> 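Attaching a single structure in structure tokens format; questions to follow.
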Amino acid sequence: MSMQRLCPPAPSLPVHEDPFLLLDDPFLLADTATTRHVETQALAAVQPGETSLMQRAGHALYRLIMARYPHAQNIWVLAGAGNNGGDAIVAAAWLHKAGKQVHVTWLGSPAQMSSDTTKAVAAAQQAGLALHPLDSEVTLPAIELMIDGLLGIGLTPDRPVSTKIAQIIAAINQLPAPVVAVDLPSGLIADTGAIASCCVRADTTLTFLCAKPGLFTAEGRAYSGEIWLDTLDMALSAPFPPVARLWTGVLPHPPRAHNTHKGSFGDVAVVGGADSMTGAAILAARAAIGAGAGRVYVSLLTQSPAAIALDTLHPELMFRTIQQLDISKLTIACGCGAGQEVAHVLPELLRKCPRLLLDADALNAIAADAALQQLLKARAPMQMTTVITPHPLEAARLLNITVDQVQTSRLKTAKTLAQHFGCICVLKGSGTIIATPRQISLINISGNGALATAGTGDVLAGWLTGRWSAFPDEALQHNMACGVWQHGDAADRWQQAGHTGPLPASQLIDWLLCA
Ligand SMILES: NC(=O)C1=CN([C@@H]2O[C@H](COP(=O)(O)OP(=O)(O)OC[C@H]3O[C@@H](n4cnc5c(N)ncnc54)[C@H](O)[C@@H]3O)[C@@H](O)[C@H]2O)[C@H](O)CC1
Ligand SMILES: [K+]
């Protein structure tokens with residue numbers, strides 16, 4: 001296995017439970033420390049006379065450019081002072097040999113080069129390719145492609161990008177030509193997907209050795225474009241622990257058998273919908289029945305006598321008060337549009353409901369009340385299972401940190417929440433994370449900005465609860481990851497059908513149902 005596209009992924013990918021990073025499983029993600037280990041081991045494994053890793057990386061980059069942008073003649077290569085720049089210079093030399101008009105701007109200096117970069121620079125110059133300092137004019141008639149080799153995993157995450165590089169990044173982002181990023185878009189932090197003050201907006205990213213989590217969550221998806229991985233033909237002897245795994249599809253289920261009935265797929269209740277927010281609970285309930293639950297009850301928290309008692313479009317939904325339900329037998333989604341009233345019902349639900357998904361206002365109520373937090377923590381030791389589905393602001397409230405702290409460490413935040421409350425945490429946002437206290441975290445790959453509209457979170461809560469009810473024997477983390485993937489996939493199909501705006505939540509359910 002050498003080069004392959006990770007995002008958008010190929011269909012029907014296998015699910016691995018292997019807790020170690022092996023280079024034949026491209027969907028395991030490594031943080032920078034692990035990548036450096038892999039790099040050290042890979043460097044040691046290169047035999048004298050074999051091509052260096054930098055040569056392999058540069059040649060892989062060249063091949064991808066020739067395949068993806070075959071008609072680009074005038075190419076501007078931006079090479080930083082480190083090995084990321086070295087990779088770009090190797091590719092530039094190949095492009096030059098192939099007859100392309102290549103202009104290289106190089107920020108490095110002979111005094112500060114790694115030995116691989118020294119060789120790359122010498123080889124490029126021998127081939128007749130000039131490396132220009134930053135202040136020289138770019139002479140290409142019209143740039144048709146840019147190669148971003150400014151910064152890779154050597155970016156220091158805790159300081160802003162230097163002014164000089166920030167100016168180049170601004171220039172790259174203003175030009176209309178497509179950008180191919182080397183290893184990472186420059187400015188993206190490999191471990192988190194946060195950006196260090198500014199970042200190249202790439203159309204294609206070719207990452208090396210192992211895929212990095214930052215490409216797939218937080219700002220990563222927005223800045224990386226199409227993501228490719230090249231493992232540089234390394235076969236590593238020692239496995240390393242991955243930091244997360246990409247989740248790229250659904251697990252197959254047998255079709256609903258003939259001799260089943262509604263009781264075979266469990267009962268769901270949606271508890272939510274305070275005054276003027278009943279729609280949120282209805283959306284969740286409609287999604288739950290669509291996801292496969294046998295029966296779905298709606299328990300509205302509104303006190304309004306005018307509250308609906310029938311969903312005329314979905315008369316299969318049953319409206320009951322919470323007192324009319326046997327919560328010890330239900331899978332419950334609680335919180336959608338639930339307002340402050342939810343605090344009154346949460347103690348009972350937290351104590352008695354065996355399978356409880358908490359969303360939105362339920363999470364806000366728990367964040368504000370230490371006693372509810374204790375009740376939530378007490379569930380796991382009593383074999384009661386909880387899924388929480390916070391968006392970044394709700395996650396921040398639960399941990400008493402800022403949204404920025406959540407978004408600059410999404411993997412860590414999701415894991416902390418899962419461990420702290422003994423639950424599965426589905427941290428929403430671009431690159432949704434599905435974390436458990438002990439298993440490897442999953443990063444969902446599907447979805448897009450069409451989901452950034454009111455009610456789509458309620459649909460997700462209901463959809464996940466419906467899946468939980470319908471497939472109670474499926475490993476819960478995988479079950480939730482499948483549901484998250486379907487939710488994003490519906491939005492991807494919506495865009496592929498030519499829609500450019502938001503996907504209204506009620507229509508999202510229709511798109512989920514016609515997968
Ligand atoms: N070693 C190998 O064989 C391979 C490496 N590959 C590529 O190498 C880079 C990582 O290279 P490294 O030299 O460690 O770091 P960078 O090139 O990413 O950057 C170092 C460079 O950047 C400066 N710097 C750091 N932080 C900032 C900042 N905030 N603002 C401005 N400048 C900053 C730092 O001072 C250095 O000058 C990896 O990504 C791969 O592309 C290949 O994978 C092949 C094998
Ligand atoms: K880069």
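Atoms within each ligand, like the ligands themselves, are counted from 1 in listed order. Remember, it's a predicted structure, so these values are computed and weren't measured experimentally.
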> Is the His499 ring parallel, tilted or perpendicular to the Trp511 ring (thresholds 30°, 60°)?
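Perpendicular: the ring planes of His499 and Trp511 meet at over 60°.
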
> May I ask you to identify the nearest protein heavy atom to atom 5 (C) of ligand 1, giving residue, atom name and distance to one decimal place in Å?
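Answer for atom 5 (C) of ligand 1: Glu39 OE2, 3.2 Å.
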
> If we ignore hydrogens and angles and just use 3.5 Å, is the side chain of Thr456 paired with the main-chain N or O of Thr453 as donor and acceptor?
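Confirmed, Thr456 side chain pairs with Thr453 backbone.
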
> Looking only at protein heavy atoms, which one is nearest to atom 22 (O) of ligand 1, and how far off is it?
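Result: Leu151 CD2, 3.3 Å.
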
> Taking Arg56 first and then Glu50, would you say they form a salt bridge - that is, a charged N and a carboxylate O separated by under 4.0 Å?
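Salt bridge between Arg56 and Glu50, a charged N being under 4.0 Å from a carboxylate O: yes.
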
> Who pairs with His37 by ring pair (Phe, Tyr, Trp, His ring centres under 6.0 Å), at least two apart in sequence or on another chain?
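Expected list: Phe240.
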
> Should you measure from each heavy atom of Ala81, which atoms of ligand 1 turn up under 4.0 Å away?
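So the answer, numbered in order with elements, is 37 (O).
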
> Between Phe208 and ligand 1, does any nitrogen or oxygen pair lie at a separation below 3.5 Å?
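In fact, backbone or side chain, Phe208 has no N or O that close.
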
> State the atoms of ligand 1, each with its element, that fall below the 4.0 Å cut-off from a heavy-atom position in Ile165.
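That gives atoms 31 (C), 32 (N) of ligand 1.
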
> Looking only at protein heavy atoms, identify the closest one to atom 39 (O) of ligand 1 and say how far it is in Å.
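Scanning the protein heavy atoms, the shortest distance from atom 39 (O) of ligand 1 goes to Asp183 OD2, 2.5 Å.
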
> Looking only at protein heavy atoms, which one is nearest to atom 26 (N) of ligand 1, and how far off is it?
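Looking only at protein heavy atoms, the one closest to atom 26 (N) of ligand 1 is Thr156 N, 2.9 Å.
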
> Which heavy atom of the protein is the closest neighbour of atom 17 (O) of ligand 1, given with residue, atom name and distance?
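So the nearest neighbour among protein heavy atoms is Asn84 N, 3.0 Å.
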
> Output all residues satisfying side chain to side chain donor-acceptor pair (under 3.5 Å) with Thr156, sequence neighbours left out; order by chain, then residue number.
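Partners of Thr156 under the side chain to side chain donor-acceptor pair (under 3.5 Å) test: none.
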
> Do you see a protein non-hydrogen atom under 4.0 Å from atom 36 (C) of ligand 1?
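No, because not a single protein heavy atom sits under 4.0 Å from atom 36 (C) of ligand 1.
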
> Are any of the N or O atoms of Leu53 closer than 3.5 Å to those of ligand 1?
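Such a contact does not occur with ligand 1.
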
> Is it the case that Arg245 places NZ or CZ above or below the six-membered ring of Phe27, under 6.0 angstrom from the centre and within 45 degrees of the axis?
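No cation-pi geometry.
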
> How far is atom 34 (C) of ligand 1 from its nearest protein heavy atom, and which residue and atom is that?
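Atom 34 (C) of ligand 1 sits closest to the protein heavy atom Arg159 NH2, 4.6 Å.
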
> So which protein heavy atom does atom 6 (N) of ligand 1 come closest to, and at what separation?
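So the nearest neighbour among protein heavy atoms is Asp87 OD2, 3.5 Å.
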
> Classify the contact between Pro160 and ligand 1 as side chain, backbone, both or neither, using a heavy-atom distance cut-off of under 4.0 Å.
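Near ligand 1, Pro160 shows its backbone, while the atoms from C-beta on stay back.
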
> Hey, looking at atom 11 (O) of ligand 1, which of Thr35, Val38, Asn83, Leu43 has the closest heavy atom?
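Shortest heavy-atom distance from atom 11 (O) of ligand 1: Asn83.
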
> Among protein heavy atoms, which sits nearest to atom 21 (C) of ligand 1, and what does the distance come to when rounded to 0.1 Å?
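Of every protein heavy atom, Gly82 N, 4.1 Å lies nearest to atom 21 (C) of ligand 1.
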
> Return yes if a side-chain donor-acceptor contact under 3.5 Å exists between Arg467 and Gln486, otherwise no.
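Side-chain D/A pair, Arg467 to Gln486: present.
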
> Any side-chain donor paired with an acceptor under 3.5 Å for Thr205 and Trp228?
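There is no such pair between these side chains.
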
> Side chain of Thr217, backbone of Ser430: donor and acceptor closer than 3.5 Å?
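Side chain of Thr217 to backbone of Ser430, a donor-acceptor pair under 3.5 Å: yes, one is there.
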
> Can you label the angle between the His103 ring and the His132 ring as parallel, tilted or perpendicular, going by 30° and 60°?
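Parallel: the ring planes of His103 and His132 meet at under 30°.
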
> Examine ligand 1 and decide if any of its atoms is less than 4.0 Å from a heavy atom belonging to Leu209.
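Contact check Leu209 vs ligand 1: negative.
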
> Would you say the side-chain atoms of Ser224 pair up with the backbone N or O of Arg221, donor to acceptor, closer than 3.5 Å?
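Side chain of Ser224 to backbone of Arg221: no pair is present.
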
> Between Gln373 (side chain) and Ile366 (backbone), is there a donor-acceptor pair under 3.5 Å?
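Yes, Gln373 side chain to Ile366 backbone: donor-acceptor pair under 3.5 Å.
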
> For distances below 3.4 Å, what is the count of protein N, O or S atoms around the K ion (ligand 2)?
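Considering protein N, O and S only, the K ion (ligand 2) has 6 within range.
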
> Under 4.0 Å from a heavy atom of Gly152: which atoms of ligand 1 are those, numbered in the order shown and with their elements?
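Contacts of ligand 1 toward Gly152, numbered from 1: 16 (P), 18 (O), 39 (O).
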
> What pairs with Ala461 under side chain to side chain contact (heavy atoms under 4.5 Å, CB included), at least two apart in sequence or on another chain?
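Scan of Ala461 (side chain to side chain contact (heavy atoms under 4.5 Å, CB included), adjacent residues dropped) gives Cys336, Leu357, Asp359.
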
> Taking atom types as modelled, is there a side-chain donor on Thr117 or Ser114 under 3.5 Å from an acceptor on the other?
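Looking only at side-chain atoms, Ser114 and Thr117 do form a donor-acceptor pair, the distance falling under 3.5 Å.
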
> Does some non-hydrogen atom of Arg36 fall short of 4.0 Å from ligand 1?
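True for this residue.
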
> Considering only heavy atoms, which of Gly154, Ser162, Gly108 lies nearest to atom 31 (C) of ligand 1?
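The nearest heavy atom belongs to Ser162.
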
> Could you pull out the closest heavy-atom pair between Ile147 and Ile75, with the gap in Å?
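Residues Ile147 and Ile75, closest heavy atoms: CG1-CG2, 3.8 Å.
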
